[in-house]
J.: 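Let me begin by handing over the structure; questions about it come next.
Every chain is numbered from 1, with letters handed out A, B, ... down the list of sequences. FYI, side chains are in, hydrogens and waters are out, and symmetry mates aren't considered; it's all heavy atoms of this structure. This one's a predicted model, so the numbers in the text were calculated from it and none came from an experiment.
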Amino acid sequence: MDYNFAEIEKKWQAWWAENQTFRVQVAPDKPKFYVLDMFPYPSGAGLHVGHPLGYIASDIYSRFRRLRGFNVLHPMGYDAYGLPAEQYAIQTGQHPEVTTAANIQRYRQQLDKLGFSFDWSREVKTCDPAYYKWTQWVFIRLFNSFYSYEKNKALPIAELVQAFEASGAAGLHVACGKELSFSAADWHAMSEKEKQETLMNYRLAYLGDTMVNWCAALGTVLANDEVVNGVSLRGGYPVEQKVMRQWCLRVSAYAERLLNGLDDIDWTVSLKETQRNWIGRSEGAEIHLPLTPSKGGGTGTLQKETGVPRKGVPHYHTTGKLYWNSNIDNARAMRKSPTQAENILWEMLRAKNMGYRFRRQHLIGNFIADFVCLEKKLVIEVDGGHHKAAGQKEYDEQRTCFLNEHDFYVLRVTNEEVLADTAAVLQKITRRLNVPPSSGGGRGEVVVFTTRPDTIFGVTFMVLAPESDYVPEVVTPRQQQAVNDYLASAKRRTERERMSGHKVTGVFSGSYALHPLTGEPLPVWISDYVLAGYGTGAIMAVPAHDSRDYAFAKQFGKELRAQLGGKDPVVPLIEGCDVSMESFDAKEGKMINSPQAGCPCRLTLNGLDVQEAIAKTKEYIEEYDLGRIRVNYRLRDAIFSRQRYWGEPFPVYYDACGMPQALPEEALPLELPEVDKFLPTGTGEPPLSRAAHWAWDSVRKKVVATADIDNKTVFALERNTMPGFAGSSAYYLRYMDPHNEEALVSRENNEYWRNVDLYIGGTEHATGHLIYSRFWNKFLFDLGVVCESEPFKKLINQGMIQGRSNFVYRIQNTNTFVSLNLKDRYDVTPLHVDVNMVSNDVLDVDKFRAWRPEFAGAEFILEDGKYLCGWAVEKMSKSMYNVVNPDDIVEKYGADTLRMYEMFLGPLEQSKPWDTNGIDGVHRFLKKYWRLFFEGDAFAVSDEPAGTQELKILHRLIKKIQVDVENFSFNTSVSAFMIGVNELAELKCRKRAILQPLTVLLSPFAPHICEELWSLLGRSGSIADAAFPEYEEKYMVENSFEYPVSFNGKLRFKKTLPLGIPAREIEAAVLNDEQSAKYMEGKTPKKVIVVEGKIVNVVV
RNA sequence: GCCCGGGUGGUGGAAUAGGUAGACACGCAGGACUUAAAAUCCUGUGGGCAGUAAUGUCCGUGCGGGUUCAAUUCCCGCCCCGGGUACCA
C-alpha cells in the first residue's frame, strides 16, 4: 500500500482537534514542562518556509517531553498590534482590526497544516481587549510604583509619599530621574501639582522629556532608522531633534538585577554577551570639578593668609602647609571613628539630596570642622559631652570667631538632638542652606564620570554634551553667541549622524574649571562627541589616553594650547604609550608622570600599574571627598509612547492641573476608540485625537464624548498608544491562565507552570523584547504576582532560513537566454527567475515563457538539452523570487516530510539556505519507513521475537535520538533514523517488537504517519500519550572491533580483534600480522600505541 | 573599532575529554525493472599520480607556524565570511 500522506495528515489533524489531544491542564502530580515559541506578528504575506523552523523544533521537543512523562504546556498566539497593519489602513482605509483578523486566520490555516501540538484553547491576541486589559493593568502598577535600592525592589508609590511627609527626600536611596533635595516642610508646602510633578521623578512608568527625531512635515516622531542624512526616509522631509514629553519605563532601575540574572539562566553565550553589552555596566568614579572663582562660589581668602600661593591650589584647600601637616592625621583619625550622631548626619548629608556637597573633619586654618559646605560657607559642629567643659567652651568660641571672620556660618547641634530628631536637624540645615548667597549663583562645579580615574593627571580640559544642564551655567557672555550657534547646529544633526560622521566639532564655553588635584585651570568646552544620556553628560578629557579626546585636542589644539598657557594638552601618563601609535588608550603598563614636588596634592601613582592606580585614585577621591565611587549603566529607560493608532491605549487621563492620573483598575480594559482616519492630525497630534469618544468621566467612571471635556469631572484621555513590546512582555504568563478575568495569572497556575523551560525564537529580539520581558517579569516578581524572577530559563535562537535564488542569463539586447555554463561566451545580464519554475537548477522553459508577457517569445541556448540556472544565497524575499511557501511543500510531500526536512537542513541555531532540491531524500525515507510495515498491499507486522541484530539497531537508535533531542541536534537525529530504517529494511524486519517502539521514537518528528501506523498496529488513543522506549545497554554490546592500524600516523590496514583482550595481545596480533612486515621495512618498532577500542599506531 | 559565532567534497552537512575525515542526504554518472514515464532498487562518486584491473601511492578540514605516536579538534600569529554593537568616557 502506498504512503498516502495527504489523506493521513488530514485525518489525524481532524482527529487531534476533535479529541483535544493537546489540551493541557494543571496536574500537580505530574512534572510540568513549558515550551514556548516567540509568537508571530501576522503579516499580510503569510508564512514562508523559514518561519516554521523554530515551531517545528519546539514541537518535536514538546512531543518528546510528553512521551517522557511531562505535562507539557505548548501554546501559541499572535503579536497582533503593529505598524504594517496601520500603514495598510492609512493607505486603504481598511480598519487594522479587519486586516489583522484576516491575517490571523490565514496564519492559523497554514500552521494547522503542519501538525503542531499547540494547545489552541490558550491562544492569545495582543489586540484583544480581554488580553490588553492586563497590559494596561501592569502599566497602572508601574505608574504607581517606585524603586528602592535599599530593599532592591519596587514598592508602592504611597510608601514614598509617606517618606516625603516624614523627612523629605533626605537619605532616600531610590531610583529617580534627577536627584532632588527637599525637606518634609518643603513637601508639605508644595501644591498638589508640584507634588505630582515631584512623584513623576520616581515612578517606574513616568512622563519624561526625551530627545526624539521629530519630522514636522509628517507630524510624527521617527525611529532612528527612519532618518537618513537628516531627512525622513519617507518623503525626504527635514527632521530635527526635539524634546518631547513621553511615557517612559524606568528599566534602568533594574539594570543591576537584569545583569546578575543572566548568570542563572541557560542562554547562549553570545545572547548573554549582547545583553551584557547593552546593559553596559561600568565601574568608575564621579569627580567634582569646581568652576573658577570668577564664575562659581569663591574659595575665600584663606590660602592667601596662610601663605600658600593661590595658583595651583585646589579650592578645597582651606589651610596652609604648616597647619595641614600638624592636623591632617588627627582629621583622618576622626573621619575613621565618627560618633554615632556624626555618622547619622554624615550619611544624610552625603546622600547629596541637600543639593550641596559637604566635607567632614575638614581643615580650615588651624581648626578641624566637623562638617562643612564650602559653597555655602556653612560649618556644622556636632557637640558631644566634652563641649560642656570650661576650657572647651572657650576654644569653641575662638573657633567660631575665626570662622565667622572668614565668612563661615557656624551651626551647632548636639549629639542628643541628632539622635532624637534627625529630621528636625536636617530641616535646620536646609533652612540655612536656602539662605540666598551673597554673590553669584549656581552650584559652581561640574561633575564628571570616568572609568579611568588613574588618568586624572592627564586631564587638560573638560567637555560637556550640548544638551547638558551645565551648559547655561558655564557659558560666559562673550561666548554666548558662539555657543548658541553651535547648539543650534547640533540640534539639526540627528543622533545617528553624530555617530557616523567623524567630523570633530565643538565650541569653548568661556569658563574654566579647576583640576581637583593640581588646581590647574581647565578650559570647559562643549562638543557633541559627549552624550548627554550617559554618565553625567560631562567628561574630563585625557587626550593622551583616549582617542576621542585626542581627536578633539588635535582639532582645537591651537586654542587649547593658548588656554593652557602654552602647554601641550597631551600629557602621557603610561609607560610605553605613544599617541602616534594605534592603541594609546592603554589599559596596561606602569604609570609615570605623576605631578612633581610643589604640587599640593598627596597622590602619587608612579610605578603602579593601571589597575593599582585606579584603585588608589578612587581611594584618594573618597578620602578627600572629591567625588564618589560609582557604577554606571549604559541601559536607558524605555520610551513607551507612540503616536500611533494600532496599539494599546494608556489607561490614563489628565486632571485639571494637566497631570496624568491612572484610571481605576475596575475600569479596565480601556478599549481602543474608533477614529475616522488612522493618520496623525494636521497639527501633528496622534491619531487618537480624532476619536469622538475619548474623554474620561471621573464620576461615572466611563469613557464619554470628547466634546464633554470640562476639566472638572470630565477629562481628556491620553492620546498616545503603547509600543510593540508592551503586549509581548507578559504573554508567556497569560498563557498559563488565559481566561482568568480576575487576574493576569492566578497564583495556582503560576506556581504550577512557573516560567518557560524552553524558549525558541529569533536573535533579533536580543535587546528589545528579551530585555523588556525580563524587566516586566522582575517587576511582577517584586509585586508578588509571579514566583520566578526570570521568565525564560533556557533560550535557543533558531538560525535564519535564507533564500536560494535562481538566475537566467539574457544575452544583451536580445530575448535569448543562455544556459549557465555557456554564458561566458556572450555578453549577458543575469535576471532573477522564480525558484518555483526551477527544479534541480533546471529551468522549466515553458513555465518561464508563460511567466511574463515579455518572455513569451524567449529563445534558449541549452546545454545537454537542458537550461541550467545559476544560483546564489540571498535573503528570502518576494523581490528575489525565491520565496517558498510551506503550503506548496505540504501539498507535494506532506507535512511530515516538511517537518523532517527542515530539521535535516542543518543545525537548528545555524543560518542556512533553503533548497527544496534535497527534500526527496527525506520523503524517500518516510516511504521506506512506511514500507517496513507492509507486504505488497497488506499490513504485515509479525509478532515474532526480534533478533539480536534488530535489537541492537533499535536500542542504538533509541539512545542516539534521546541524546540528540536533549541537545537539540535534530539534524543528526534525522540521519540516525535514516540509518536505522535502511538497516532494518536490509534485514526485512517486520517485527512489532522493533517497529512499535520505532514508531513512538519517530512520532515527535513525523506525527501524522506515526499516528496512522500506531492505529494500524492496533493501539488505541493518540501516540502522543505513548511512553518513550527505554534503551538497554545489554543489546548494544559489541564483542569485536575492527582496529585501524597505522604506521607513523598513517592508516595502512584494518584488523578485527576481540574486545576485552589485554593491550599487549593486541600489539602482538598486529605486529605478527603479515601486512605489518611491509610497513616496518625490517626495522623494530620504537613504540606501539594501543588505545583499546579505538586505534593501534606503530612508530617505526 | 570592539564583542560574539563560523570557514570541511559540486551542494546541505557529519565527526572535537586529540584516535579510521567526509556519516546521512542532495546532485551527478552508470545499471536493473518498464513499450515509455513515474516510482523503486543496485553500483560508483574528495583530488592528483601509476595501473587493463583488483589495487597502490601522495595530497587534502581558510593560511603560516608549534605541541603530540597521532591535530578538523589543543596553542601562537594571520586571512576571510556572518551576526551584534558603536563617540558609553
J.: Rounded to whole Å, how long is the line connecting atom CG of A:Asn797 with atom C1' of B:G6?
T.: 16 Å
J.: Using a heavy-atom cut-off of 4.0 Å across all strands, would you classify A:Pro913 as base, sugar-phosphate, or nothing?
T.: nothing
J.: Under 4.0 Å from OP1 or OP2 of B:A70: is there any side-chain N or O of A:Asn1097 that close?
T.: no
J.: The side chain of A:Asp528 lies closest to which of these nucleotides: B:C87, B:G19, B:A89?
T.: B:C87
J.: Name the nucleic acid region contacted by A:Val1091, choosing base, sugar-phosphate or nothing; use a 4.0 angstrom heavy-atom cut-off, strictly under.
T.: base
J.: Looking only at side-chain atoms of A:Val1099, point me to the closest of B:C59, B:A89, B:C69.
T.: B:C69
J.: For nucleotides B:C63 and B:C69, find the distance between their C1' atoms and express it as a whole number of Å.
T.: 26 Å
J.: Answer yes when A:Glu986 and A:Lys988 have at least one side-chain N-carboxylate O distance shorter than 4.0 Å, and no when they do not.
T.: no
J.: Could you tell me which residues satisfy salt bridge (Lys or Arg N to Asp or Glu O under 4.0 Å) with A:Asp266, sequence neighbours excluded, listed by chain and number?
T.: A:Lys794
J.: Rounding to an integer number of Å, can you tell me how far A:Met978 CE sits from B:A14 P?
T.: 14 Å
J.: Give the nucleotide from the list B:A89, B:C24, B:C4 with an atom nearest to the side chain of A:Ser270.
T.: B:C4
J.: Using salt bridge (Lys or Arg N to Asp or Glu O under 4.0 Å) as the criterion, list what pairs up with A:Glu935, not counting sequence neighbours.
T.: A:Arg990
J.: Classify A:Gln910 by what it touches in the nucleic acid, base, sugar-phosphate, or nothing, heavy-atom distance under 4.0 Å.
T.: sugar-phosphate
J.: Please write out each protein N/O paired with an N/O of nucleotides 79-84 of chain B under 3.5 Å, distance rounded to 0.1 Å.
T.:
none

J.: If you check the A:Ile1095 side chain, which of B:G19, B:C3, B:A89 turns out closest?
T.: B:G19
J.: Any chance the rings of A:Tyr901 and A:Trp914 have centres within less than 6.0 Å?
T.: yes
J.: Going by salt bridge (Lys or Arg N to Asp or Glu O under 4.0 Å), name the residues that satisfy it together with A:Lys959, two or more places apart in sequence or in a different chain.
T.: A:Glu1033
J.: Taking atom P in both B:G10 and B:G60, compute the distance separating them and give it to the nearest angstrom.
T.: 16 Å
J.: Of the nucleotides B:G13, B:U20, B:C88, which one has an atom closest to the side chain of A:Arg634?
T.: B:C88
J.: Judged by each residue's nearest nucleotide on RNA chain B, which is more toward the 5′ side, A:Val1098 or A:Lys866?
T.: A:Lys866
J.: Can you list the residues that meet the ring pair (Phe, Tyr, Trp, His ring centres under 6.0 Å) rule with A:Phe1005, with sequence neighbours excluded?
T.: A:Phe977
J.: Take atom P in B:C4 and the same atom in B:U16, then report the distance between them in whole Å.
T.: 25 Å
J.: Under the salt bridge (charged side-chain N to carboxylate O under 4.0 Å, His left out) definition, can you give me all pairs with a residue in residues 963-981 of chain A, not counting sequence neighbours?
T.: A:Arg65-A:Glu966, A:Lys960-A:Asp964
J.: Whether the A:Asp841 and A:Asn806 side chains hold a donor-acceptor pair (N or O, under 3.5 Å, no angle test) is what I'd like checked.
T.: yes
J.: With sequence neighbours left out, write down each residue that passes ring pair (Phe, Tyr, Trp, His ring centres under 6.0 Å) with A:Phe461, or none if nothing qualifies.
T.: A:Phe552
J.: Which nucleotide in the list B:A89, B:A25, B:A86 gets nearest to the side chain of A:Asn982?
T.: B:A25
J.: Expressed in whole Å, how much space separates the P atoms belonging to B:C26 and B:U72?
T.: 29 Å
J.: Are side-chain N/O atoms of A:Ser252 and A:Asp637 paired as donor and acceptor at under 3.5 Å?
T.: yes
J.: Would you check if the distance from the ring center of A:His923 to the ring center of A:Tyr893 is below 6.0 Å?
T.: yes
J.: Looking only at atom C1', what distance separates B:C75 and B:G1, rounded to whole Å?
T.: 27 Å
J.: Could you tell me whether the phosphate oxygens of B:A89, OP1 or OP2, come under 4.0 Å of any side-chain nitrogen or oxygen in A:Ser282?
T.: yes
J.: Indicate whether any N or O donor in one side chain lies under 3.5 Å from an N or O acceptor in the other, for A:Tyr772 and A:Thr767.
T.: no
J.: A:Ile1089 has an atom CD1; how far is it from atom P of B:C69, in whole Å?
T.: 7 Å
J.: Just checking, any donor-acceptor pair under 3.5 angstrom between side chains of A:Asp2 and A:Asn4?
T.: no
J.: Rounded to the nearest angstrom, tell me the gap between atom CG in A:Leu1051 and atom C1' in B:C69.
T.: 15 Å
J.: Any idea if B:G51 is syn or anti, going by the 90°-from-0 cut?
T.: anti
J.: Check the side chains of A:Glu863 and A:Asn821 for a donor-acceptor pair under 3.5 angstrom, ignoring hydrogens and angles.
T.: yes
J.: Using a 3.5 Å cut-off on both pairing distances, which stems of three or more Watson-Crick or G-U pairs include RNA chain B?
T.: B:1-7 with B:79-85, B:10-12 with B:24-26, B:27-32 with B:40-45, B:46-50 with B:55-59, B:62-66 with B:74-78
J.: Taking only side-chain nitrogens and oxygens of A:Tyr1079, does any of them come within less than 4.0 Å of OP1 or OP2 of B:U57?
T.: yes
J.: State which residues pass ring pair (Phe, Tyr, Trp, His ring centres under 6.0 Å) with A:Phe807; sequence neighbours excluded, sorted by chain then number.
T.: A:His832
J.: How many whole angstroms separate atom CG of A:Leu531 from atom C1' of B:U85?
T.: 14 Å
J.: When every nucleotide of nucleotides 36-48 of chain B is labelled 5' to 3' by its protein contacts under 4.0 Å (heavy atoms), B for base, S for sugar-phosphate only, - for none, what sequence of letters results?
T.: ---SSS-------
J.: For A:Leu905, report the nucleic acid contact type (base, sugar-phosphate, nothing); a contact means any heavy atom under 4.0 Å.
T.: sugar-phosphate
J.: Nearest of B:A25, B:A89, B:U57 to any side-chain atom of A:Thr451?
T.: B:A89
J.: Taking only the P atom of each, what is the distance from B:A25 to B:U43 in whole angstrom?
T.: 12 Å
J.: Taking only the C1' atom of each, what is the distance from B:G22 to B:G46 in whole angstrom?
T.: 8 Å
J.: How would you list, by chain and number, every residue that makes a ring pair (Phe, Tyr, Trp, His ring centres under 6.0 Å) with A:Trp930, sequence neighbours excluded?
T.: A:Tyr3, A:Phe934
J.: Can a side-chain donor-acceptor contact be found between A:Ser975 and A:Thr972 if the only test is distance below 3.5 angstrom?
T.: no
J.: Please determine whether a side-chain nitrogen or oxygen atom of A:Asn840 lies at a distance below 4.0 Å from atom OP1 or OP2 of B:C28.
T.: no
J.: Rounded to whole angstroms, how far apart are NZ on A:Lys960 and C1' on B:C24?
T.: 10 Å
J.: Applying a 4.0 Å non-hydrogen cut-off, can you work out what A:Tyr1043 is touching in the nucleic acid: base, sugar-phosphate, or nothing?
T.: nothing
J.: Under a 3.5 Å threshold, yes or no: a donor from one side chain and an acceptor from the other, between A:Asp549 and A:Tyr529?
T.: yes
J.: Please write out each protein N/O paired with an N/O of nucleotides 8-11 of chain B under 3.5 Å, distance rounded to 0.1 Å.
T.:
none

J.: Write down the distance separating the P atoms in B:G82 and B:A29, rounded off to the nearest Å.
T.: 33 Å
J.: Can you tell me if A:Lys912 touches the phosphate of B:G12, counting only side-chain N or O atoms and a distance under 4.0 Å to OP1 or OP2?
T.: no
J.: Separation of A:Phe1041 atom CZ from B:G19 atom P, in whole Å?
T.: 13 Å
J.: Starting from P on B:G12, measure out to CG on A:Asn971 and report it in whole angstrom.
T.: 14 Å
